[in-house]
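Residue numbers begin at 1 in each chain, while the letters A, B, ... track the order of the sequences.
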Number of protein chains: 2
Amino acid sequence: MPALDRSLVASLPVFQGLTPEQQDDVLGEAQSVRYPKGADVFQQDQQAQHFFLLLHGHLRVYRLTPDGQQVVVRYISPGEIFGVAMALGRTTYPATAAAVVDSVALVWPNAVWPRLSETYPALLANTLRTVGSRLQDAQTRVVEMSTEQVERRIAHALLRLAQQSGRKVETGIQIDFPISRQDVAEMTGATLHTVSRVLSAWEDRGLVEGGRQKITLRDPHRIFMLAEGNGG
Amino acid sequence: MPALDRSLVASLPVFQGLTPEQQDDVLGEAQSVRYPKGADVFQQDQQAQHFFLLLHGHLRVYRLTPDGQQVVVRYISPGEIFGVAMALGRTTYPATAAAVVDSVALVWPNAVWPRLSETYPALLANTLRTVGSRLQDAQTRVVEMSTEQVERRIAHALLRLAQQSGRKVETGIQIDFPISRQDVAEMTGATLHTVSRVLSAWEDRGLVEGGRQKITLRDPHRIFMLAEGNGG
DNA sequence: CGAAATTTTGACTAGGTTCAAGTTCTGTGG
DNA sequence: CCACAGAACTTGAACCTAGTCAAAATTTCG
């Protein structure tokens, strides 16, 4: 196993409040693993044996309903910890995480969590903040699904993706990984068809630029107005 | 201030892993406060100055949208900690908590959190588990809102309420606090009218018994079947 | 008893799904 | 290098769930 370079991860939120030596101790327990595009990092209802930190790539986390529908819980970007089922008191993963592009993650065996979390309470505190902010996100999504119509939900979803993983290009801000209309549908509780119709209409109005598994926000400001229910 | 009786709270999940002396230390920083029915414990966007543990009563936690719609985030039952905004890295409360019946809570000033959480990592770990389970709940709700029709969402919401705060009565399981059709609507992303229609239909079929701000599940099993999408 | 809050019910409407083709990409293998 | 098969996307038409609008009935409480 190649030594992990602390400088790559020292500035991440998870490691705040730890000295370089402590960071080395934590990193020393991890292995770096590569996940090719399409591979699962872990699967829903599987025994949770590890927790993770994404170094490169993007993951799509989704839940499968009994009747086979998928709902996208979130996308994970580099620097985020994920799969911390054990810290949350669970024995299985609540969702499946799959690489949408070739990805690399640090992997810790669950067995080291008790020692690390007792030795370094800052690690616990940082994890609590991360989980807390995801709770906020999830509750915001519940509010949106309860009160907003599809077009506004799509606007909010795209703005979140752009903020999280947007890349500036000449024509605007492009989502930095392959994302289909179906994916957007599974993030917003709409159907593929409705998402396609909405994006087509937006494209006619110059708000976005479509493409196969590609979405570019041409006019983020007007999309924001749409999301907030103003203008149209 | 009357001394707080440790025996009342020692068995709660938050205090697991602490010795009686440590529990006394934590409790010693808290005050017991009474909230009459209808009073707010804290308000959305208010500076977060305290965190709480509910001793008696029931709280309704809701978020208000810019256009004035309310969405119920959750109901809090005795024994639960809440309002832990600071531990989550927030400076304001993300929602409003109001007493639906006369209630009593332990109140800690935020200022004591850094010391307590550093001194007793178990407190951090327990809080992380609590927040984690709320994250699961919120994500489950997102999945339900994305994939289920109103009738099933209402069934799920009532079953959750019954599990959390159900009281056995002769005719079935009654929700143990006043809850209106409007409240159920705000929990499920439906309208008052739709909830009323669904509950009326269920009452005709003998599944529930209605009443002003009162709901009794007469046949929890058949409601469960409904929630799971089987029979009807 | 009267006023306010809660609940019920009817009629109509509409946003979004479903059903059904058809079109446009993209990567692969001959 | 081009043909082609599969995947992704688009679009039209019919339909339906749940929302909206409107009004009345019931309950509670001062």
Nearest 0.5 Å, what's the CZ-CZ distance between A:R141 and A:R160?
7.0 Å
Among D:dT10, D:dA8, C:dT7, the nucleotide that comes nearest once only the side chain of A:S180 is considered
D:dA8
A:F224 ring centre to A:R222 NZ or CZ under 6.0 Å, with the angle to the axis within 45°?
no
Can we say A:R181 and A:E186 salt-bridge, meaning some charged N sits less than 4.0 Å from an Asp/Glu carboxylate O?
no
Ion pair check, B:R153 and B:E144, cut-off under 4.0 Å:
no
So OG1 of A:T92 and CZ of A:R90: to nearest 0.5 Å the spacing works out to 4.0 Å
Report the distance from atom CD of A:Q182 to atom P of C:dT17, rounded to the nearest whole Å.
12 Å
To the nearest Å, give me how far apart CE (B:M145) and C1' (C:dG16) are.
15 Å
Quick one: A:W202 CH2 to D:dT10 P, roughly how many Å, whole number?
13 Å
Which parts of residues 206-219 of chain B get close to DNA chain C, meaning a heavy atom less than 4.0 angstrom away?
B:G211, B:R212, B:Q213
Between atom CG in A:D204 and atom P in D:dT10, what is the gap in whole Å?
10 Å
Measure the distance from CD1 on B:I179 to C1' on C:dA5 and round it to the nearest whole Å.
17 Å
Say you draw a straight line from CG of A:D176 to CD1 of A:I179; how long is it, rounded to the nearest 0.5 Å?
11.5 Å
Send over the distance from B:L192 CG to C:dG10 C1', rounded to a whole Å.
15 Å
Spacing of A:L199 atom CG relative to D:dT11 atom P, expressed in whole Å:
11 Å
Could you check whether B:R74 pairs with B:E80 (Lys NZ or Arg NE/NH1/NH2 to Asp/Glu carboxylate O, under 4.0 Å)?
yes
Please determine whether a side-chain nitrogen or oxygen atom of A:S196 lies at a distance below 4.0 Å from atom OP1 or OP2 of D:dT11.
no
Along nucleotides 13-19 of chain D, 5' to 3', which nucleotides get a B, which get an S, and which get a -, given that the test is a protein heavy-atom distance under 4.0 Å?
B---SSS
Ignoring hydrogens and geometry beyond distance, is the side chain of B:H193 in donor-acceptor contact with the base of C:dT9 at under 3.5 Å?
yes
Relative to the ring of A:Y35, is the ring of A:F52 parallel (under 30°), tilted (30 to 60°) or perpendicular (over 60°)?
perpendicular
Can you tell me how far P of C:dT6 sits from CD of B:E203, to the nearest Å?
18 Å
With a cut-off of 6.0 Å (strictly less than), are more than 12 heavy atoms of other residues, nucleotides or ligands near NZ of B:K37?
no
